[in-house]
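Below you'll find the structure, written out as structure tokens, and then a few comments.
By convention in this document, chain letters (A, B, ...) are assigned in the order of the sequence lines, proteins followed by strands, and residues within each chain are numbered from 1.
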Amino acid sequence: MSRRPRRDGPVRTVLVRRVGLVLLALWWTLPLVPVALWAVADRWSYPSLLPDVWGTGGWAAAWDDGAGAAALRSAALGLAVAAIATPLGALAGQGLARAERTAAPPRWAVVLATAVVLPVAVPSFATVLGLTSLALRLHVPAVVALVAVLVAVALPYTTWVMQARWAGYDCGYEDAARTLGADRVTVLRRVRLPALAPGLAVAAFLAFLVAWGDYVATLVLGGGRFLTLQQLLGATAAGSGSEPVVAALAVTTLAPALLLLAVVSRLDRAGAAS
Amino acid sequence: MHRDRGPVGSGTGMLLVLPAALVTVGVTLGGLVPAVLESLGSGTASGPPTTAAFRALDASALLDGLRVTLGVAAASTAAALVVGYTGAVLVQRSRSGGRLVAALAAGVVPVPHLVGAAAVGLLLSDAGLAARVVGAGPGEFPPLVAGPWWVAVVLEYAWKESAFVLLVVLAATAAADRELDEAGAVLGAGPWRRLRGIGLPLAAPALVVSGTVVFAYVAGAYEVAWLLGRTYPEPLPVLAFRLFGDVDLAVRAQGLAVALVTVAVCATALAVGAALLRRAAPSREPA
């Protein structure tokens, strides 16, 4: 079995693999390098490789532009969307996981599963263009329409996550708790919710991110008046906008997303291990 | 293990899915139906539906927009698939370094595209970090941002979506597939042979699914092309958005018409993807 050609020898393979991994690591980090540098630069004239004057002027300017209030608005939007899309996705996931277990999934399951993923298939900018007219005609406040759109966009993800969780959910613990005299509420609170908590956290995280990172739906439905962090970033980056402000806004957008990702993946691993 | 086993036949399962489905269908139709009606003239005049808005569209702007939309989506998808799949293979064949790269990719997925676009702008503009590193003089750096080849736009999509492809392929490639690859190695197949004969056929469904999702997403996305693209030709979503913002109701209807063309492009992409998936899926079955 040692007829392996020389060019596939382990030394060379390992080297190619290492170089490949380093290139990939660069590929995914490189675009964020100028953001990180501009975020701590007060002046960085061309063609200097590093900032001429380090400082946090961009952050102060971003704050003066209303970044604090915008971040609060983005967070509130994210929390509202997560609060609605997570329970709806959990219910839908349970229903679809049940149907999946039957020998032949019933027709309704196929139809409803397709219905739930519809927002992935239809570009949301097209949906919101039409929805502005409807919201105006029905006198629906723009914020309500915005939350509805973002909930719809988040639902495929929350449903997928929870469907996978429900597929692996063991009802034996619920039976045991009931045998020991627990009522429905106690079973839900003490058995089911703790068991599903990691999945719910992942689903809520994804739903939060959909709203937190949204640009187009907020732009159209908010009519430029609902100033979230992304609206501010878009306006600053497209305008003559100073790079330190753009970088400060970009880092502010990324920080909670990456923090939440770290927390959720830890929760997720804890859930998978238990 | 006892699974959650509600009474399926009685339809309680259906009742559980219904609220979510009502929201997704309600919002989608609530957007598309008014778009169809208004593009057929219900917003400008009472009377029978008319295709005036579609006919009034500047044909060359629409065709150029369609060409750019398809070109950017195809190039971004191809790049994302190549980088994402290569990454997945490397991650699977290595240990700690692979885990680090997979973690980096997982960190890129939640980055909003607008942030990615701003970052790529700071990297590739004519006064960006890349121009500083190569020491380009005034006017020497190629116009990657807002240039004729849409390089910055494609790179932003490829950057973020390759991370998505990598995660999908990793999730879809079971441990059994990896054992098959090792069996191939034991039998003396080189890396390329294993890639062609084992790796690619096994990953094909995941590549088709993620590639289709990426293509449809890019074809219908607005902000990256708006921020990093040129003013003409405009990709369909950017064109639709600009026309929709016009004060003239007739031009607004044209914007909705372009939006519906975009929806049709995405739907076609998904249909093609579904057909490809049906072809790719049987390759998982043992011969």
If we ignore hydrogens and angles and just use 3.5 Å, is the side chain of [X] paired with the main-chain N or O of [Y] as donor and acceptor?
X	Y	result
B:Thr28	B:Val25	no
A:Trp108	A:Leu112	no
A:Arg17	B:Arg93	yes

Which atoms of [X] approach chain A - backbone, side chain, both or neither, heavy atom under 4.5 Å:
X	result
B:Leu166	side chain
B:Ala20	both
B:Ala158	both
B:Val83	both
B:Leu122	both
B:Val108	side chain
B:Ala136	both
B:Ser162	both
B:Ala131	both

Can you tell which part of [X] gets under 4.5 Å to a heavy atom of chain B, answering side chain, backbone, both or neither?
X	result
A:Leu206	neither
A:Leu254	side chain
A:Ala121	both
A:Val122	side chain
A:Thr132	side chain
A:Trp38	side chain
A:Thr253	side chain
A:Thr252	neither
A:Leu258	side chain
A:Leu129	both
A:Leu155	side chain

Out of A:Val35, A:Leu233, A:Val216, A:Leu88, which one racks up the most heavy-atom pairs below 4.5 Å with chain B? A:Leu233

Smallest separation among heavy atoms of B:Val115 and A:Ala250, with atom names: CG1-CB, 3.9 Å

Which heavy atom in B:Phe244 sits nearest to a heavy atom in B:Arg252, and how many Å separate them?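 For B:Phe244 and B:Arg252, the tightest heavy-atom pair comes out as O-CG, 3.3 Å.
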
Parallel, tilted or perpendicular, as decided by the 30° and 60° cut-offs, for the rings of A:Tyr169 and A:Trp166: perpendicular

So that I can tick it off, tell me whether A:Glu174 and A:Arg178 are bridged by a salt bridge, with the cut-off set at under 4.0 angstrom between side-chain N and carboxylate O.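 Yes.
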
Taking the six-membered ring for Trp and the single ring otherwise, decide whether the centroids of B:Trp226 and A:Tyr215 are under 6.0 Å apart.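 Ring-ring flag for B:Trp226/A:Tyr215: true, centres closer than 6.0 Å.
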
Can the ring centroids of B:Phe241 and B:Tyr222 be said to lie less than 6.0 angstrom from one another? yes

